[in-house]
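This report refers to the structure that appears directly beneath it.
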Amino acid sequence: MSRDHVQSAEHADGRTPVAAPTETPFLELLARGASADAYEQPVLLARAAGAPAETVDALEHAKQLALRVRAELEGRRRREAELSALFETAHDLAGLRDLDSVLRAIVQRARSLLGTDVAYLSLNDPLRGDTYMRVTEGSVAARFQQLRIGMGEGLGGLVAQTARPYVTDDYFKDGRFQHTHAIDAGVRDEGLVAILGVPLMLGHHVIGVLFAADRRARVFEREQIALLGSFAALAAAAIDTANLLTETRSALAGLERANEIIRDRSAVIERASDVHDRLTELVLRGGGVHDVAAAVSQVLDGTVEFTESDDTPSAPLETSRAEGHAVRHGDDWIAAVAAGGELLGALVLRGHPGLDPVDQLTLERAATVTSLLLLARRSAAEAEQRVRGELLDDLLDARDRDPRLLRERAARLRADLDATHVVLAARLGGPTADAEQEADARRRLWSAASHLAATRHGLAAARDGGTVLLLPLRTGDTATGLARRTARHLGTAVHEAVTVGASAPVGDLAAHPDAVAAAYAEGRRCLEALRLLGRAGDGAAAADFGFLGLLLAGDRDIAGFVDRTIGQVVAYDERRGTDLVRTLDAYFTCGMSPARTKDELHVHVNTVAQRLERVGRLLGDDWQTPARTLEIQLALRLHRLAAA
């Protein structure tokens, strides 16, 4: 400070200060960078020495000027340090190699320049909808370093939610924030009191928060808030740059992998081209499904088979149909062969778990070609199906009774009327609100039934709002088993519940064509019984309904009902010469009372108990339930009438 400047300065009362060397002690204090308290010393010494009032006033004025100069110098030094730190941070950002290192440097410099005990940075987690600690500096509490802060919770959550800086000089007394147990516990472990938080912004989006905090009450000035905001901007730029670098590296790595795949898959592409040529040739020369499987087997160096839907695991087959891709099942691969939503079968690659993606596509294309071949074959077979329907219609209506002509017509369709058959009446679960949809569903049912009849050497026709099938009964099979399998097969094919009623087995249809109509009537009665019992989507024959089967069966098979119900008891009496049937009849006549039964039979009550115990072992533990007793009593009466 110059003497001229001091002499020109005036007090508030207009007096000019004395041009004594009053500036000297303050210049020395400025030169050595003394603290603000030290500037009181020259004034105090002058007063203690009894200096004139003018001298004391001059010293007081010089002190004020010196403190202003000191504050200006301190501000410039601080701004210089801040600019230097920002420049160094920007330099670090320009040469970004490690994001964590840059973020740690930003947090360290922010803590140093603001002079806080702790500085830390959190980043938002879009998946979990909260913000988590990424970098801390000066923190000593593990729980604080692992905090996750929900949007709107605590000071940090409020900054992340509102995209505005927030500051508090005493966190626990500040009611502006949503205090939670987890956040307050972490802040309390760290011992923080005053906290300043500013948002990290990328465009208009908050990606995190930068904090500075003290373990004592403190008021953060506007310049300090602005400085922390500058560091937050650099941190956001560092994160954005790192993300761009990561995306660039990922893209480059993806290109390298793509190049490797292109190089490595050249042989696979050649194989795909080869199979394409082979499949095209097969289609042009009228090859079949098994020819396609054989060609793909050679290309994929494995065993490929065409399988029916019933012979293929249902879960992977349905997944393949829904997704349109081959599905791995154990060591095999299954590609659904479908058309118009209908499953026609599958191509199965056996024992080849490590299938190349291009080879998988080859298998899928082969399945598509197979479906086209099957559709072409179906178009050619539609005429045959109509002929099959006409033959079955003739059998049902009994118009053509010449056995020789019937056999010839059936032989042309690969059907054998001399074999034992079952007549099946099939119908969809129920009518739909849309008549057009119902008609479409019936057409799909008839198509699926015709396909099933053709593959099983049977006949099928549309009739009475449903479908009727005439299928041969294999050795060891039953009408019930055939009805249930048919219900499942047709239901899977049309994607709706299909109920199937079956007749008892019938034979020699060429000589007795009227038996088909009677069997169809029996199958329809079983179908209606299933629907009335709420068993839509199931299959059954008359024998499955107990004594009701006598009403449903066309031939009223009384002997069969009696045999199924009490046949074991009758056979036991015949083999052992016992009297179980008479005892059982007397037991029911006496109201199921052993005491009255022994009087009726003139035997000891223990004898009655022993005989009834033997009956239980023969008929099963549930023989005295209401449903069983009804059937057993009816069978006893029919047996007695038949014997008479």
Side-chain angles (χ1 to χ4, degrees), residues 308-310 339-344 378 381-397 410 413-415 417 421-432 435-473 479-506 509 513 515-531 535-542 552 554:
E308 299 287 347
S309 300
D310 289 346
E342 179 186 353
L343 277 172
L344 305 177
R378 174 177 291 185
E382 285 182 354
E384 178 184 327
Q385 291 174 1
R386 285 192 294 271
V387 173
R388 288 177 182 274
E390 291 171 358
L391 174 57
L392 183 53
D393 283 335
D394 287 346
L395 289 171
L396 289 170
D397 297 335
L413 299 172
R414 297 182 298 279
L417 295 184
H421 286 72
V422 172
V423 178
L424 303 163
R427 187 174 296 177
L428 295 170
T432 61
E436 184 176 347
Q437 291 181 357
E438 182 176 354
D440 181 65
R442 289 181 178 179
R443 283 193 296 269
R444 287 189 284 112
L445 175 61
W446 176 83
S447 177
S450 298
H451 177 68
L452 177 62
T455 57
R456 299 292 175 85
H457 305 295
L459 304 174
R463 179 167 286 231
D464 299 323
T467 302
V468 55
L469 299 95
L470 179 67
L471 298 181
L473 189 66
T480 299
L482 183 59
R484 289 176 177 170
R485 287 197 306 276
T486 303
R488 288 196 301 269
H489 178 91
L490 296 180
T492 301
V494 302
H495 307 294
E496 289 187 36
V498 176
T499 309
V500 176
S503 72
V506 292
L509 300 180
V516 178
Y520 174 55
E522 179 181 338
R524 286 192 63 190
R525 287 194 293 271
C526 291
L527 170 63
E528 293 301 325
L530 286 172
R531 298 177 67 182
R535 291 172 57 183
D538 198 0
L552 300 174

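Along the sequence shown, the residues carry numbers beginning at 1.
Without hydrogens or angle criteria, Thr455 side chain to His451 main chain gives a donor-acceptor distance under 3.5 Å. Judged by distance alone, with hydrogens and angles left aside, the side-chain atoms of Thr467 form no donor-acceptor pair with the main-chain N or O of Ala462 at under 3.5 Å.
Not counting sequence neighbours, the partners of Arg463 by the salt bridge (charged side-chain N to carboxylate O under 4.0 Å, His left out) test are Asp393, Asp397. Applying the salt bridge (charged side-chain N to carboxylate O under 4.0 Å, His left out) test to Arg488 and every residue at least two apart in sequence or in another chain returns nothing. A search for side chain to side chain donor-acceptor pair (under 3.5 Å) contacts involving Arg442 returns Glu438, not counting sequence neighbours. When the side chain to side chain donor-acceptor pair (under 3.5 Å) test is applied to Asp440, the partners found at least two apart in sequence or on another chain are Arg444. For Arg456, the side chain to side chain contact (heavy atoms under 4.5 Å, CB included) partners at least two apart in sequence or on another chain are Asp310, Leu452, Leu471, Arg474. With sequence neighbours excluded, the residues satisfying side chain to side chain contact (heavy atoms under 4.5 Å, CB included) with Ala502 are Val422, Leu424, Ala479, Ala483, Ala541.
The nearest pair of heavy atoms linking Ala425 to Tyr520 is CB-CE1, 4.0 Å. What you find for Val506 and Ala519 is that their closest heavy atoms are CG1-CB, 4.1 Å. Closest approach of Ala493 to Ala448, counting heavy atoms only: CB-CB, 3.7 Å. Residue Pro472 comes nearest to His421 through the heavy atom pair N-CD2, 3.5 Å, listed as atom of the first residue, atom of the second, then distance.
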Q) Going through the checks in order, is the side chain to side chain contact (heavy atoms under 4.5 Å, CB included) test met by Leu445 and Glu496? A) CA-CA 9 Å; Leu445 175 61; Glu496 289 187 36; over 6 Å; no
Q | side chain to side chain contact (heavy atoms under 4.5 Å, CB included) assessment of Val516 paired with Val423 | A | CA-CA 7 Å; Val516 178; Val423 178; 4.3 Å; yes
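Note that CG of Leu490 and CG of Leu469 are 6.5 Å apart. Values are rounded to the nearest 0.5 Å. Separating the NE2 atom in His489 from the CG atom in Leu343 is a distance of 9.5 Å, to the nearest 0.5 Å.
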